[in-house]
Student: 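Here it is, the structure, as structure tokens.
Residue numbering restarts at 1 for every chain, and letters A, B, ... go by the order of the sequence lines. Note that this is a predicted model, so its numbers are computed, not measured.
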Amino acid sequence: MSRYNARVVEPKWQQAWDKAEVFTAKRDPDREKYYVLEMFPYPSGRIHMGHVRNYTMGDVVARYKNATGFNVLHPMGWDAFGLPAENAAIEKGVNPGAWTYQNIDDMRAQLKMLGLSLDWSRELAVCDAEYYGQQQAMFIDMMGAGLAYRKNAVVNWDPVDMTVLANEQVIDGKGWRSGAPVERRELTQWFFRISDFSGELLDALDGLTEWPEKVRLMQQNWIGKSRGLQFSFDLTAPQGEISQVEVYTTRPDTLMGAGFVGISPDHPLAKSLEADNPDLAAFCTDCRRMGTSEADLETAEKKGFDTGLRVKHPLDPDWELPVWIANFILMDYGTGAIFGCPAHDQRDLDFSRKYGLPVVDTFTALENGAPVTDLAFVPPKTETVQWINHFAGLDVANGQEAIDVTIRFAEAAGWGRGVTNYRLRDWGVSRQRYWGCPIPVVHCDDCGVVPEKKENLPVELPKDVTFDKPGNPLDWHPTWRDTACPKCGKPARRETDTMDTFVDSSWYYARFTAPRATSPTIAEDAEYWMNVDQYIGGIEHAILHLLYARFFARAMNLTGHLPKSAIEPFKALFTQGMVTHETYATSGSDGRPVWRTPDEVDKTDSGAVLRATGEPVEVGPIIKMSKSKKNVVDPADIIDQYGADTARWFVMSDSPPERDVEWTASGAEAAWKHLQRIWRLTVEIAAADTSENAAADLALAKATHRAVHEVTQGIEKFAFNKSVAKLYEFANTLAKSDAGGAAKRRAMLVMSQLMQPMTPHLAEEIWTTLGGEGLVAQARWPEVDPAMLVDDSMTLPIQVNGKRRSEITVSKTMPKEEVEKLVLADQAVLKYLAGQPVKKLIVVPGRIVNVVV
RNA sequence: GCGGGCGUGAUGGAAUGGUAGACAUAAGAGACUUAAAAUCUCUGGGCCUUUGUGCCGUGCGGGUUCGAGUCCCGCCGCCCGCACCA
């Protein structure tokens, strides 16, 4: 019997699809379109199992939708700008562009081996001048619309390497290469006004009904709408120009419990004090060393410094509060100053206890009026509490009522105003790096900051750059900066900042609708193909990428590059889990683990050993495949050994798509065995005579319809693992069936159609072997006859007091009364009733019966 | 620290609030074979002086319900994000 040889079969069908241009998308207003998109990869050079899983999921959807009659757009591109190319340049002396394009060539070749139904004619890389030139045009339009502007912002500065560091390059407050303590430095940088859209981006989340609830919730919390009170504390004595400290609080009702006023180390008041107070200046400098990430600030030890200044309480001129600088207060949020209410905020309480500041209760629990000791009393805003001393006369009220009353009281009295605040900050897009999209502006001594003329776009990155000096090579380039002012023509300098790579990925979905256009988009194409009907990617992009893309689509709409209907570019979103693997390590001479790749390790009954030396190997936790832990399986090896269909089948089976999947060698082996089994069945069926066996034929036809129904349901609901399980079941049924040859042939043809989205090459081979017409990739998805799904009798479980005690076989349509009679006559039921009267008899038709005594 | 999620046999997992463990893997037994591989068949959560339509069992502790893996409250553990990794 001929063995199925993936190495021969797979390229054959890939060529057949190419030749027939099966996956080339053409705009056709007479057909309903379906746009499926997976988050495009960074071209690291090798695809990994996460890619295989991500792109197979998208491919299953694309192939299924194609089979159900949609005009499918399924494109692929490269998120090709970013740090790794510069790191490679520094470490290996390669040119970032050359390195990137080589990686793209390598990865494209690997992806093509997977047999994905991609329209490669639309391929793009964000580092193509053809792409980023259009991005520059949009940047200029955004400047014109007031959506892009410059302001000062802090960056991580490495004082030894004299360069700006990304957050991931700051390890324990030190530069990753130099090891020098990182400083915060202010630079003038470009920003997008995403915060103007805070309310809009928040409200529109309600319309994203096909997004995971958790992602919408994460975005909602990120945008962070709050209602609070803004007011000022008067300083008892002015400090220079400053006589007040303005604060924003979401709990103004706790004002009578204020213990101190806290300001950010970057607050103007703190800065004005630094000149005369070396200790205070040292404290602020220390705070500024922490790095800029919020996680760093929040997890650091909470520290404060008493400025010695005092402010007056707005409700009691005799009440003075100390002003402290605190390292956990962010200048970017609210006013950069707060009042601390230790009795009702754990962080403020810890801070107050640490520095001996007063703790004043403002309310207590209704049933327990004990004062706060080491645990702050922080009830939900909906809980009613007893007020001790409320200036607006509250006695018993819940937190939300108290906040509303307080804001009204302050507004009426004229010392404060209700303010709606958002946590969302404007999007800083400047990067002091080479390998990114140049910001297309020119600095002119006379005209200031001037956008480049559109006819001069793209502002191309120079190719002749060196990385022997730290910092941005664009700054060191001998000629690239020199240009003429677009306004007055005098010599001027190009902006050397490039754009955040999140900008590149904020509109590629739109560019795919017209990837070769000489404008960012083409109206007819955008109108037809947008929005993305199904977007698929990692949960790690739940907030930033997806929020930026939502903003950018709005900005593109305002600047005329997308229709209004495309401001929510992703109609449905699916977030898939990671591919994980066990980790393996031997112990190094210094006692630290030396990570080992799975193919270096042999697993034996007595434990894992290193194949080469027999040295024992520690089997570690199952974690995301990563180069640093070496727990990677190279898809290319798997494809080489078993073929693409096996890899695709494995990543679709077992684990639900939204959860992590563990790659195991036995799982891959099992996937391969199953596909071989299907092929053996096919060969058998192809050789069988065409006899009939009425009863078995009907049973197999019914099983076929059930399989179609259930596999379809699985795909529709993104439960590919369940579709796979049903296909296993169907295969078992088919293998055991006594049906005649003709019936089996019909069943196997349907099997190949159902398998086509997951294992397209094998499916074609089955289809053609059994005489299917044309390509199975172009065959119409099989229809279900509902009549074939109906079973007339069923097993009905019977519980007594909630425990399963018996079962009866009944017709599905049997009336309740008859079921009840049968149940009460059942021997097992009678035994458990033991003569006790039946209190209640619950019959859930078609489900279960519960007898309660 | 804050925000979000997840937790079911040896393993991956299945289960509109209704028979917990579908389907698959590891393992064990058997068939075929000179033998092995491949293939096929069976067993496959735990417990037992009662082998019984027995008892226990979905991270831990409570609760709601005729009935909870599923809903609610409180813990524990792991994962993702935290604005310059992509």
Student: Determine the contact category for Ser430(A): base if any of its heavy atoms lies under 4.0 Å from a base atom, sugar-phosphate if only primed atoms, P, OP1 or OP2 are that close, otherwise nothing.
Tutor: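 Answer is base: heavy atoms of Ser430(A) come under 4.0 Å of a base.
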Student: Regarding Lys673(A), tell me which of base, sugar-phosphate or nothing describes its non-hydrogen contacts under 4.0 Å with the strands shown.
Tutor: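 Touches sugar-phosphate only.
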Student: Under 4.0 Å: is that the gap between some side-chain N or O of Ser653(A) and OP1 or OP2 of A24(B)?
Tutor: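 No, no such contact exists.
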Student: To the nearest angstrom, how far is Arg184(A) atom CZ from A83(B) atom P?
Tutor: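 Checked: the CZ to P distance equals 12 Å.
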Student: Please report the C-alpha distance between Met755(A) and Ile678(A) in whole Å, then the side-chain angles of each, then the deciding distance to 0.1 Å, and finally whether the side-chain contact (heavy atoms from CB on, under 4.5 Å) criterion is met.
Tutor: CA-CA 10 Å; Met755(A) 289 179 74; Ile678(A) 295 292; 4.1 Å; yes
Student: For C84(B), does OP1 or OP2 lie under 4.0 Å from any side-chain N or O of Arg431(A)?
Tutor: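 Checking C84(B) against Arg431(A), a side-chain N or O does come within under 4.0 Å of OP1 or OP2.
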Student: For the ring pair Tyr548(A) and Phe192(A), is the centre-to-centre distance below 6.0 Å?
Tutor: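 Ring-ring flag for Tyr548(A)/Phe192(A): false, centres at least 6.0 Å apart.
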Student: Using heavy atoms to find the nearest nucleotide of RNA chain B for Asp79(A) and Tyr548(A) separately, return the residue whose nucleotide is more 5′.
Tutor: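 Result of the comparison: Tyr548(A).
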Student: Distance between the P atoms of U43(B) and A37(B), in whole angstroms?
Tutor: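 My reading of the P atoms in U43(B) and A37(B) gives 22 Å.
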Student: Under 4.0 Å between a side-chain N/O of Asn721(A) and OP1 or OP2 of G12(B), yes or no?
Tutor: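 For G12(B), neither OP1 nor OP2 has a side-chain N or O of Asn721(A) closer than 4.0 Å.
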Student: Tyr832(A) side chain N/O closer than 4.0 Å to the phosphate oxygens (OP1, OP2) of G54(B)?
Tutor: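 Yes, such a contact exists.
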Student: When rounded to the nearest 0.5 angstrom, what is the spacing between OH in Tyr535(A) and CG in Leu37(A)?
Tutor: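 Rounded to the nearest 0.5 Å, the OH-CG separation comes out at 5.5 Å.
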Student: Do Gln432(A) side-chain and C84(B) base share a donor-acceptor contact under 3.5 Å?
Tutor: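 Present.
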Student: Let me know the distance between CD1 of Ile539(A) and P of C6(B), rounded to the nearest Å.
Tutor: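 That distance rounds to 10 Å.
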Student: What does Arg216(A) touch in the nucleic acid at a heavy-atom separation under 4.0 angstrom: a base, only the sugar-phosphate, or nothing?
Tutor: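 It contacts nothing in the nucleic acid.
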Student: Is there a side-chain contact (heavy atoms from CB on, under 4.5 Å) between Ile808(A) and Asp826(A) once you walk through the steps?
Tutor: CA-CA 8 Å; Ile808(A) 51 176; Asp826(A) 186 83; 3.8 Å; yes
Student: Could you pull out all residues at least two apart from Arg353(A) that satisfy side-chain contact (heavy atoms from CB on, under 4.5 Å)?
Tutor: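 Only Leu349(A), Val359(A), Asp374(A) meet the side-chain contact (heavy atoms from CB on, under 4.5 Å) criterion with Arg353(A).
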Student: Base, sugar-phosphate, or nothing: which does Val849(A) touch, judged by heavy atoms less than 4.0 Å apart?
Tutor: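 No contact.
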Student: Yes or no on ring pair (Phe, Tyr, Trp, His ring centres under 6.0 Å) for Phe40(A) and Tyr508(A), after CA distance, side-chain angles and deciding distance?
Tutor: CA-CA 9 Å; Phe40(A) 63 167; Tyr508(A) 74 112; 3.7 Å; yes
Student: Rounded to the nearest 0.5 Å, what separation is found between the CG atom of Leu201(A) and the CZ atom of Phe551(A)?
Tutor: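 Atom-to-atom, Leu201(A):CG and Phe551(A):CZ are 8.5 Å apart.
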Student: Are side-chain N/O atoms of Asn87(A) and Arg177(A) paired as donor and acceptor at under 3.5 Å?
Tutor: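 A pair is found: one side chain offers a donor N or O, the other an acceptor, under 3.5 Å apart.
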Student: Excluding sequence neighbours, so at least two apart, what forms ring-ring contact (aromatic ring centres under 6.0 Å, His included) with Tyr832(A)?
Tutor: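 Testing Tyr832(A) for ring-ring contact (aromatic ring centres under 6.0 Å, His included), a comparison that skips the adjacent residues, returns none.
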Student: NE2 of His545(A) versus P of G4(B): gap in Å, rounded?
Tutor: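 In whole Å, G4(B) P and His545(A) NE2 are 22 Å from each other.
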Student: Are any of Lys803(A)'s side-chain N or O atoms less than 4.0 Å away from OP1 or OP2 of C56(B)?
Tutor: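 Lys803(A) to C56(B) OP1/OP2: side-chain N or O found under 4.0 Å.
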Student: N/O contacts under 3.5 Å, protein versus nucleotides 63-73 of chain B?
Tutor:
| unit_1 | atom_1 | unit_2 | atom_2 | d |
| --- | --- | --- | --- | --- |
| C66(B) | O2' | Asn850(A) | ND2 | 3.3 |
| C66(B) | O2 | Asn850(A) | ND2 | 2.5 |

Student: At under 4.0 Å, does any side-chain N or O of Asn221(A) touch on OP1 or OP2 of G4(B)?
Tutor: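 Yes, within the criterion.
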Student: With a non-hydrogen cut-off below 4.0 angstrom, is His541(A) in contact with a base, only sugar-phosphate, or nothing?
Tutor: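 His541(A): base contact, heavy atoms under 4.0 Å.
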Student: For Trp649(A), check ring-ring contact (aromatic ring centres under 6.0 Å, His included) against everything at least two apart and list the hits.
Tutor: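 If we apply the ring-ring contact (aromatic ring centres under 6.0 Å, His included) test to Trp649(A), skipping adjacent residues, the hits are His674(A), Tyr728(A).
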Student: Strictly below 4.0 Å: does Arg677(A) bring a side-chain N or O up to OP1 or OP2 of C40(B)?
Tutor: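 Yes, Arg677(A) has a side-chain N/O under 4.0 Å of OP1/OP2 on C40(B).
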Student: Nearest of A22(B), A14(B), G1(B) to any side-chain atom of Glu294(A)?
Tutor: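 Per side-chain heavy atoms of Glu294(A), the pick is G1(B).
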Student: Reckon Arg433(A) touches a base, only the sugar-phosphate, or nothing at all at heavy-atom distances under 4.0 Å?
Tutor: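 Base contact - Arg433(A) has a heavy atom under 4.0 Å of at least one base atom.
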Student: With a non-hydrogen cut-off below 4.0 angstrom, is Gly538(A) in contact with a base, only sugar-phosphate, or nothing?
Tutor: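 Counting heavy atoms under 4.0 Å across all strands, no contact is made by Gly538(A).
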Student: Looking across every strand, which nucleic acid part, if any, lies under 4.0 Å from Ile798(A) by heavy atom: base, sugar-phosphate, or nothing?
Tutor: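 Ile798(A): no heavy atom of the nucleic acid under 4.0 Å.
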Student: G7(B), OP1 or OP2 - any side-chain N/O from Arg659(A) closer than 4.0 Å?
Tutor: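 For Arg659(A), the contact criterion (side-chain N or O under 4.0 Å from OP1 or OP2 of G7(B)) is met.
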Student: Between the base of C84(B) and the side chain of Gln189(A), is there a donor-acceptor distance below 3.5 Å?
Tutor: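 Yes, a donor-acceptor pair under 3.5 Å.
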Student: Whole angstroms only, please: what is the CG-C1' distance between Leu796(A) and U53(B)?
Tutor: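 Rounded to whole Å, this separation is 16 Å.
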Student: Distance between the C1' atoms of G12(B) and G7(B), in whole angstroms?
Tutor: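 The answer is 14 Å between these two C1' atoms.
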Student: Would Trp190(A) and Glu495(A) satisfy side-chain hydrogen bond (donor to acceptor under 3.5 Å, both in side chains), going step by step from the backbone distance to the final call?
Tutor: CA-CA 11 Å; Trp190(A) 286 96; Glu495(A) 169 74 62; 3.0 Å; yes
Student: Let me check I have this right: for RNA chain B, each base becomes ., (, ), [, ] or |, based on Watson-Crick or G-U pairs with both distances under 3.5 Å. What is the full string?
Tutor: (((((((..(((.....[....))).(((((.......))))).((((...).)))..(((((..]....))))))))))))....
Student: What is the distance, rounded to the nearest whole Å, between atom CE of Met39(A) and atom P of G81(B)?
Tutor: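 One finds 12 Å between P of G81(B) and CE of Met39(A), rounded.
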Student: Would you please classify the geometry between the Phe552(A) ring and the Trp427(A) ring as parallel, tilted or perpendicular, with 30° and 60° separating the classes?
Tutor: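 Ring orientation of Trp427(A) relative to Phe552(A): perpendicular.
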Student: In this structure, how many angstroms lie between the P atom of C84(B) and the CZ atom of Arg177(A), rounded?
Tutor: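 For the pair Arg177(A) CZ and C84(B) P, the rounded distance is 20 Å.
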Student: Applying salt bridge (charged side-chain N to carboxylate O under 4.0 Å, His left out), name anything that partners Lys354(A), two or more places apart in sequence or on another chain.
Tutor: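 Checked Lys354(A) against salt bridge (charged side-chain N to carboxylate O under 4.0 Å, His left out); matches are Glu301(A).
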Student: Please work out if Gly82(A) contacts a base, only the sugar-phosphate, or nothing of the nucleic acid, heavy-atom cut-off 4.0 Å.
Tutor: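 Counting heavy atoms under 4.0 Å across all strands, the contact made by Gly82(A) is with sugar-phosphate only.
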Student: For a quick check of understanding: with a heavy-atom distance under 4.0 Å over all strands, which category does Ala542(A) fall into, base, sugar-phosphate or nothing?
Tutor: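 Answer is nothing: Ala542(A) stays at 4.0 Å or more from every strand.
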Student: Would you kindly give the CZ-to-P distance between Arg804(A) and G52(B), to the nearest whole Å?
Tutor: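 Result: 16 Å.
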Student: So, does Lys214(A) get its side chain near the phosphate of G81(B), meaning an N or O under 4.0 Å from OP1 or OP2?
Tutor: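 Looking at the OP1 and OP2 atoms of G81(B), neither is under 4.0 Å from any side-chain N or O of Lys214(A).
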Student: How is Val215(A) classified with respect to the nucleic acid when contacts are heavy atoms under 4.0 Å: base, sugar-phosphate, or nothing?
Tutor: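 Result for Val215(A) = nothing.
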Student: By the 4.0 Å heavy-atom rule, please label Pro656(A) as base, sugar-phosphate, or nothing.
Tutor: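 Here Pro656(A) touches the backbone only, sparing every base.
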Student: OP1, OP2 of G12(B) versus side-chain N and O of Ser655(A): anything below 4.0 Å?
Tutor: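 Answer is no, no contact under 4.0 Å.
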Student: Can you find a side chain N or O atom of Asn732(A) that sits less than 4.0 Å from OP1 or OP2 on C23(B)?
Tutor: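 Answer no for this pair, as no side-chain N or O of Asn732(A) is under 4.0 Å from OP1 or OP2.
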Student: Using a heavy-atom cut-off of 4.0 Å across all strands, would you classify Trp427(A) as base, sugar-phosphate, or nothing?
Tutor: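 It contacts nothing in the nucleic acid.
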Student: Quantified in whole Å, what is the P atom distance between nucleotide U65(B) and nucleotide C72(B)?
Tutor: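 Going atom to atom, P in each nucleotide, I get 16 Å.
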Student: Students often get this wrong, so: under 4.0 angstrom with heavy atoms, is Gln169(A) touching a base, only sugar-phosphate, or nothing?
Tutor: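 Nothing: the residue Gln169(A), judged by heavy atoms under 4.0 Å, touches no strand.
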Student: Nearest-Å distance, CE (Met218(A)) to P (C82(B))?
Tutor: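 So the CE-P distance, Met218(A) to C82(B), works out to 9 Å.
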